[in-house]
J.: 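Questions regarding the structure given below will be posed in turn.
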Amino acid sequence: MNMPSPPKANAYSKDNKAIMKAVKTVAEKSMMDASDEIHALKGRNNTGISHCGVSCDGMWQRSGHSSMNGCVTTLSIDTGKCLDVAVLSSLPRVTKTQGQ
């Protein structure tokens, strides 16, 4: 039996964008649910802020000071759930108009 040929670059890119959109949607919903759980557990002050403990950790793509990409996560100490994640890059973003 022959293996199917790999997808063409355009098809791969289209599928990858669809998957990333779905992952982002699920991640944002999950973090909002975790935030709502903290608000229910700890209550809110008059400005809508809950006081809770968090743990923050970050990582870089490569060790040392030469890495250009990394991310930071914030976890709730009370629930262990992810409250926020930020992807970091020291490279300028290329927009479609810049790349053409």
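Counting begins at 1 with the first residue of the sequence.
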J.: Does the side chain of V54 come within less than 4.5 Å of L75's, by heavy atoms?
T.: no

J.: Check whether any side-chain heavy atom of L83 lies under 4.5 Å from a side-chain heavy atom of M31, and answer yes or no.
T.: no

J.: What do you reckon, is CG of D33 surrounded by more than 12 foreign heavy atoms closer than 6.0 Å?
T.: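 Check passes, neighbour count above 12.
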
J.: Measuring only between side-chain heavy atoms, which start at C-beta, is D78 closer than 4.5 Å to L41?
T.: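 The answer is yes, as the side chains (C-beta and beyond) meet within the 4.5 Å cut-off.
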
J.: Given side-chain contact (heavy atoms from CB on, under 4.5 Å), test R44 with I49 step by step and report yes or no.
T.: CA-CA 5 Å; R44 301 174 194 227; I49 296 173; over 6 Å; no

J.: What I'd like to find out is whether the side chain of K81 reaches to under 4.5 Å of the side chain of E37, using heavy atoms alone.
T.: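 Yes, their side chains come closer than 4.5 Å.
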
J.: Please tell me whether N69 and S89 have a donor and an acceptor in their side chains that are separated by less than 3.5 angstrom.
T.: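 A pair is found: one side chain offers a donor N or O, the other an acceptor, under 3.5 Å apart.
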
J.: Grab the two heavy atoms, one from G43 and one from S50, that are nearest each other, plus how far apart they are.
T.: O-OG, 2.6 Å

J.: Looking only at atom types and distance, does a side-chain atom of S55 sit under 3.5 Å from a main-chain N or O of I77, one as donor and one as acceptor?
T.: no

J.: Is V72 close to L88 at the side-chain level, that is, under 4.5 Å between some pair of heavy atoms?
T.: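 Sidechains of V72 and L88: in contact.
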
J.: Measure the CE-NE2 distance between M32 and H39 for me, rounded to the nearest 0.5 Å.
T.: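 Between atom CE of M32 and atom NE2 of H39 there are 7.5 Å.
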
J.: What are the two closest heavy atoms between S90 and S67, and how far apart are they?
T.: OG-O, 4.3 Å

